[in-house]
Amino acid sequence: MKRSRVTTRRQLPGSPFNVPSVAPPVKVFALDDRVTHDKYGLGRVIGVEDDSAVLVDFGPRTERITAPFPKLYKL
């Protein structure tokens with residue numbers, strides 16, 4: 001028995017599998033935005049640092065979350 005060789009297939013220019021990847025949209029937060037975080041819960045943005053970090057008040061604690069803002073979503 002012969003082993004099968006793994007070959008890479010050449011994709012044609014019009015191939016539907018030749019789609020360029022799209023960068024995810026940049027998240028932008030403003031003062032007093034209501035947000036939710038997977039770990040800390042509901043909160044309110046109390047400070048924005050040049051789109052590189054945000055300060056969020058989660059009630060009993062205040063957290064500084066840096067870009068790309070993982071697990072932070074605007075409500």
Side-chain angles (χ1 to χ4, degrees):
M1 260 174 47
K2 289 185 177 181
R3 289 186 183 180
S4 65
R5 287 191 231 170
V6 177
T7 59
T8 58
R9 290 185 158 187
R10 183 176 61 99
Q11 294 178 349
L12 299 174
S15 172
F17 301 105
N18 205 11
V19 179
S21 62
V22 178
V26 178
K27 295 181 184 178
V28 178
F29 297 99
L31 288 176
D32 292 329
D33 278 350
R34 298 282 301 180
V35 294
T36 183
H37 191 275
D38 289 349
K39 181 177 179 182
Y40 304 117
L42 295 173
R44 183 178 302 273
V45 175
I46 58 173
V48 179
E49 301 174 4
D50 298 328
D51 296 333
S52 62
V54 292
L55 235 57
V56 183
D57 179 23
F58 290 107
R61 66 188 312 166
T62 301
E63 292 291 328
R64 181 178 182 265
I65 301 173
T66 58
F69 312 113
K71 303 177 184 179
L72 186 67
Y73 304 100
K74 190 184 296 190
L75 296 178

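Scope of the values below: all heavy atoms of this structure, side chains included, with no hydrogens, waters or symmetry mates.
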Roughly how far, to the nearest 0.5 Å, is CZ of Phe58 from CD1 of Ile65? 4.0 Å
Hydrophobic cluster identity match, Val56 and Tyr40, side-chain contacts under 4.5 Å: yes
Student check: side-chain heavy atoms of Phe29 and Leu72 closer than 4.5 Å: yes
Any non-hydrogen side-chain atom of Leu42 less than 4.5 Å from a side-chain atom of Leu75? yes
Distance col, row His37:NE2 vs Tyr73:OH, nearest 0.5 angstrom, shows 8.5 Å
Any chance you could measure Glu49, atom CD, to Thr66, atom OG1, to the nearest 0.5 Å? 9.5 Å
Measure the OG1-NZ distance between Thr36 and Lys74 for me, rounded to the nearest 0.5 Å. 14.0 Å
Do Val35 and Val48 share a hydrophobic cluster (ILVMFWY, side-chain heavy atoms under 4.5 Å, transitive)? yes
Are any of the side-chain nitrogens in Lys39 or Glu63 under 4.0 Å away from the carboxylate oxygens of its partner? no
Here the pair of heavy atoms bringing Lys27 nearest to Pro68 is CD-O, 4.4 Å
